Amino acid sequence: DDLLHGDLGGPSDAGTPLDEGSDPDDSFAAMVLNAKKARLCARLAASRRPWSKGNTAAATLQGPADAHGVQPNVTLDSRVVGAEFWDNVQHDGVHLIELFGGMCAGLEMLLRNGVKVHRYTYVDLGPEAAPPGMRRADAHAVRAVAQHRIHELQRRYPRLLPDSAVEDVFALPQDVRAIDTAALVKVGVEKASALVTVAGWECQDLSQAGHSKGLQGPHSRTFFDTVRIVGAVQQLRKGKPTGYILENSPMQWSPVQHIREKVFPYVCRAIGTPTDLDAARFGSGGHRHRNFWTNLSDPAQLMLARDIWHRDPTVTVDGLLDPGRFSRPATRMEREQFYPAHAAAAVAAVARRALPTLVAYVGSRAFVLGAPGRLHHADGSDAGEPNPSERERILGYRTGDTAAPGVTERQRHEITGKAMDANTMEALWGMAEALHTVGGHTGAQRGGSHHQQLPPDHTGCLLYTSPSPRDS
């Protein structure tokens, strides 16, 4: 009786509204998503597992306030948003701030779920903010893809993403290090009745594919800017409903001891308890196991919803590839941390339902000749790695979503390798919405300012430092 196969039934009366004038494929997808939400609500309501108490951690602040009354924050207010947030989302829409915006995954998440975005603020390393190690051409490519994606999403969702929402989409500094309280005030973060911040800070120094330098690495140190910005938004809004979704690698599964045992607990003390999700569970063509920290719902409840949701087992990778290109059969099931898309492979080889995780660089060991991710032609000859269009579909996007004018195949490969999975993001919001619908939201924010003051001499958890990068 899984959610993604069997009799889904018709669309529910409540749920994702259809956007008049939208693309027919998107309208049909909204109907299917409504059916999934309706069945998820029914399964959650019938569950006999007790609801947890929810996150209860208020923000911890330390130090003098700036001219706008914002203090440096050690931790975020991770308490679950309440009914007022969801009511405001339904009636007024949201102001979405997307840091490290990439392919605008947060924007598409909201639109697929029928949420009107009345203002969209995008941040990523555009050409004016490119660091010394980044080619300016690549920074131009990131900006070009963002503009292309916004235009396409406006075409697909004209009612949910009006022109007025994107008039000043790049108004914030495009380097997160340069975003201060004054900049946040300038884009009106305190005005919206509901605001959501989505951010997947850079993972290169934390992931298994990186160099394990931790939060002191040149990329992943942007974690501190993420906490600073999200915390400032929470304070500026003075108790108004404010949601966040933060994404990064599943550090608890890292083979590197200090990432697993020091960095991961430190991150959780600052931003809450994560829910780990693998894109293969939600119908994507590749594994993409990530942690999501959010105050939209209690993480224990999200894990309950996650465990109810399963992919259609008849959908295979080959259906996402260009004609004449094929994947290798799966001959063994996945490691424990991943969704078991190939559980039957423990008995015999099965058609591949999920490729290994896509990364930003060409030549990953999972995609070299003879590896599980390598493709072949009908005659058995080598077909190389998935191309950029295939990578888009594997991640749940549409063909050509990164094919902006002037963007090369290599740049498309890199941009998709850094993107959040679109199907996972859609499901995450849908699960949180379903949990609210069945009354699973507890420990919620109820308005007012919820901050815990620290004495000036408190130094705990301000910054994780490691004596030196090490492998164990």
Side-chain angles (χ1 to χ4, degrees), residues 55 75-76 78 97-106 109 123-125 176-177 196-231 243-282 284 286-296 299 302-303 306 337-339 357-360 395 414-425 427-429 461 463-464 466 469:
N55 286 333
T75 69
L76 299 182
S78 60
I97 298 175
E98 193 155 12
L99 309 176
F100 314 97
M103 289 184 65
C104 311
M109 169 193 74
V123 175
D124 209 332
L125 287 173
V176 293
R177 296 168 297 183
V196 177
T197 302
V198 173
W201 80 92
E202 297 174 84
C203 69
Q204 290 96 314
D205 303 310
L206 302 173
S207 68
Q208 296 183 32
H211 300 291
S212 302
K213 294 182 179 178
L215 297 178
Q216 300 307 304
H219 302 284
S220 298
R221 67 179 57 176
T222 51
F223 165 77
F224 300 106
D225 294 296
T226 302
V227 174
R228 175 179 58 81
I229 293 166
V230 176
Y244 66 80
I245 297 173
L246 309 179
E247 179 261 11
N248 211 272
S249 61
M251 293 167 260
Q252 66 271 38
W253 289 94
S254 174
V256 181
Q257 184 177 358
H258 83 94
I259 298 292
R260 185 177 65 250
E261 297 181 3
K262 292 186 177 181
V263 177
F264 176 62
Y266 173 82
V267 169
C268 292
R269 286 195 298 271
I271 62 177
T273 303
T275 302
D276 65 307
L277 305 174
D278 183 359
R281 177 183 292 274
F282 305 104
S284 291
H287 290 288
R288 205 167 193 80
H289 185 207
R290 295 290 186 266
N291 279 337
F292 292 85
W293 292 263
T294 181
N295 65 343
L296 298 181
L302 278 172
M303 285 189 280
R306 175 201 66 187
Q337 75 177 89
F338 295 104
Y339 177 77
T357 302
L358 301 179
V359 297
L395 291 165
E414 182 173 351
I415 289 169
T416 52
K418 294 179 178 179
M420 295 186 194
D421 181 86
N423 292 330
T424 304
M425 294 293 286
L428 175 59
W429 183 276
C461 296
L463 185 68
Y464 168 73
S466 175

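Position 1 is the first residue of the sequence; numbering continues from there. Treat the numbers as computed from the prediction; the structure is a model and nothing was measured.
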Any side-chain heavy atom of Ile415 within less than 4.5 Å of one from Met103?
yes
Test item: Thr222 and Phe100 side chains (from C-beta on) under 4.5 Å apart, heavy atoms: yes
- prompt: Would Met251 and Val267 count as a side-chain contact (heavy atoms from CB on, under 4.5 Å) if you check the C-alpha gap in whole Å, the side-chain angles of each, and the deciding distance to 0.1 Å?
  reply: CA-CA 10 Å; Met251 293 167 260; Val267 169; 4.3 Å; yes
Minimal heavy-atom distance between Asn248 and Cys203, with the atoms involved, is OD1-CB, 3.4 Å
CG (Asp124) and NZ (Lys418) are apart, to the nearest 0.5 Å, by 8.5 Å
One should read off an interatomic distance between Ile245 CD1 and Thr197 OG1, to the nearest 0.5 angstrom, of 10.0 Å
Look at the side chain of Glu414 and the backbone N and O of Ala360, then say whether any donor-acceptor pair between them is shorter than 3.5 Å.
-> no
Determine whether Leu99 and Trp201 make a side-chain contact, defined as any pair of heavy atoms from C-beta on separated by less than 4.5 Å. no
One should read off an interatomic distance between Arg306 CZ and Phe292 CZ, to the nearest 0.5 angstrom, of 12.0 Å
One should read off an interatomic distance between Lys262 NZ and Tyr266 OH, to the nearest 0.5 angstrom, of 14.0 Å
Exercise. Given side chains that start at C-beta, do those of Asn291 and Glu247 come closer than 4.5 Å, heavy atoms only?
Worked result: no
Side chains of Thr273 and Cys268, heavy atoms from C-beta outward: is any pair under 4.5 Å? no
Note: Arg288 and Gly417 closest approach over all heavy atoms is NH2-O, 2.6 Å
side-chain hydrogen bond (donor to acceptor under 3.5 Å, both in side chains) filter on Thr424, not counting sequence neighbours, yields Asp421
side-chain hydrogen bond (donor to acceptor under 3.5 Å, both in side chains) with Asp278: of Arg290, His289, His287, Gln337, only one passes, and it is His287
All heavy atoms of Asn423 vs all of Ser284, minimum pair found to be ND2-OG, 2.9 Å
Interatomic distance, CZ@Arg221 vs CZ@Arg177, rounded to 0.5 Å, equals 8.5 Å
Taking every heavy atom of Asn295 against every heavy atom of Tyr244, the minimum-distance pair comes out as OD1-N, 2.8 Å
Here the gap from Leu277 atom CG to Met425 atom CE, rounded to the nearest 0.5 Å, amounts to 10.0 Å
Checklist line | Side-chain heavy atoms of Leu302 within contact of Thr294, under 4.5 Å | finding: yes
Smallest heavy-atom separation, Ala199 atom then Met420 atom, equals C-CE, 3.9 Å
Please check if the side chain of Trp293 supplies one atom and the backbone of Ile271 the other of a donor-acceptor pair under 3.5 Å.
no
| message | Quick one, Trp429 and Leu296 - any side-chain contact, counting heavy atoms below 4.5 Å? | response | yes
For Phe223 and Ala270 the tightest heavy-atom approach is CZ-CB, 3.8 Å
Original post:
Is there side-chain contact between Ile229 and Val176, with at least one heavy-atom pair below 4.5 Å?
Top reply: yes
